[in-house]
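What follows is one structure encoded as structure tokens, with my remarks underneath.
Keep in mind that the numbers below use all heavy atoms, side chains included, and drop hydrogens, waters and symmetry copies. Order of appearance sets the numbers: ligands from 1, and atoms from 1 within every ligand.
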Amino acid sequence: MRTFAVKSFGCQMNVYDAERMGEALQADGMVESDELSADILVLNTCHIREKAAEKLYSEIGRIAARAADAGEKRPVIAVTGCVAQAEGAEILKRTKAVDLVVGPQAYHRLPDLLKQQEAGARGIVDLDMPASPKFDALPARRKRGPSAFLTVQEGCDKFCAFCVVPYTRGAEASRPLDAILSEARELAEGGAREITLLGQNVNAWADGNRHFGDMVAAIAAIDGVSRVRYTTSHPRDVTEAMVRAHADIPQMMPYLHLPVQSGSNRILAAMNRKHDRAFYMGLIQRFRDARPDLAITSDFIVGFPGETEEDFADTLSIVEEVGYAQAFSFKYSPRLGTPAAERNDQVPEEVKAERLQRLQALISAKSLAFNRRMVGQRCEILIERRGKFAGQWIGKSPWLQSVVVTNPELKIGDLVQVELVFAGPNSLEGQELTPVIEPAW
Ligand code: 5AD
Ligand code: SF4
């Protein structure tokens, strides 16, 4: 019996893929173990920003050296994910310590490929990128827990000038509604009360004439599912149905991740985002009209080629104007094969670093202000894990904030009514509200 471990890097979709790879290997009779003792180590990689490949090679070097030091054979190493797709057979040329290279659309074949490897096959590379038979070939979900990811759409056709995703994950493809619903039911049976729908562009999801709102409503109707979230979305694909879903479906959480990347019209055009600032602000207004308490988050890139101090000031001002609840921000990282990497007006590293610092300080201030505005509100939290101290639990508010609550009798998966009584930068404190017992007469 072979043992395995999957180590995942990067986005939530990679977390989901790692879970599904693990389930496929378990269904094939393998046993999950820890990274240090596994016979097979799957490295599920991310290619979105710099030095991804370098990090991978040093990780592999570390694993090989550790085995050599201990006088043991190194584990079988499979490189999966986006670096596998981008680098392909190059990986086998660069290092002798990798046995398999498998792309993000081919990992359902991992059990078979590992059998071939065991039987003596060498240099296995599978980068097949069909629409999505991967999902049909994967076993039923075994995952247990109160909160689960579910990929409903993959790939991207937008071709932002900075981004590798269209090359590593392929063209936009939606999974059929029936397949999504049966997976959602499996997750609900395993205890999932919250389902987060994943896609590089979830709001582009469609199945015939059924759109995003229909899918969310169908998932929300599954027994046991109390919360639906989704990530991530492109402003160009926002539809009225998506906006309405926030107003009409009670299980839809008041949280919207709508990346804008920059506040400058000039940079948005250079990024090939296909919309300007006013269009984005119009969307924010529509969402807020539908759901006034919505927590809005975004991704930002600073130092895109040609970005001036004035462009950057526009990014700071859009953060002010929207009042984001949270945001991720990154220094622009040139990716081989993308148009922006070819430009000769790259921004110096120290300028990027300095702008990132200023942007992050502003985002933190906005985020703290958002948390503080919540003090005094009552809401439901979903208990996800134990806190630091005895009797303490940490749950998520509808706005995706971590909320600490103390009651030794709680357990993971409970939905608890609290009043938010204190807000810090990273979490809030909740006071449990005693349920009002109605008299029987
Ligand atoms: N450099 C820096 N950040 C990037 N992102 C995508 N590509 C790059 C890049 N080349 C960021 C974007 C995207 C998030 C997932 O990663 O902000 O929304
Ligand atoms: Fe990284 Fe993008 Fe691949 Fe996710 S889809 S692992 S963010 S490159």
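Between E154 and K134 there is a salt bridge, since a side-chain N of the basic residue sits under 4.0 Å from a carboxylate O of the acidic one. Taking the charged nitrogens against the carboxylate oxygens, R141 and E23 do have a contact shorter than 4.0 Å, which makes a salt bridge. Remark: E59 engages K7 in a salt bridge, criterion side-chain N to carboxylate O under 4.0 Å. D99 has a carboxylate O that lies under 4.0 Å from a charged side-chain N of R74, or vice versa, which qualifies the two as a salt bridge.
In R49, the part holding a heavy atom less than 4.0 Å from any atom of ligand 1 is the side chain.
Separation of the F312 and F300 ring centroids does not fall under the 6.0 Å cut-off. Two rings, from Y167 and F159, have their centers less than 6.0 Å apart.
Residue contacts with ligand 1: Q261 is placed with a nitrogen or oxygen under 3.5 Å of a nitrogen or oxygen of the ligand (distance criterion only). Checked by distance only, ligand 1 and D299 come closer than 3.5 Å through their nitrogen or oxygen atoms. An N or O contact shorter than 3.5 Å links F162 to ligand 1 by distance.
Taking a 4.0 Å cut-off on heavy atoms, E50 fails to register as neighbouring ligand 1.
Numbered from 1 in the order shown, with element, the atoms of ligand 1 that lie under 4.0 Å from a heavy atom of R335 read 10 (N). Taking every non-hydrogen atom of K331 and a distance limit under 4.0 Å, the qualifying atoms of ligand 1 come out as 1 (N), 2 (C).
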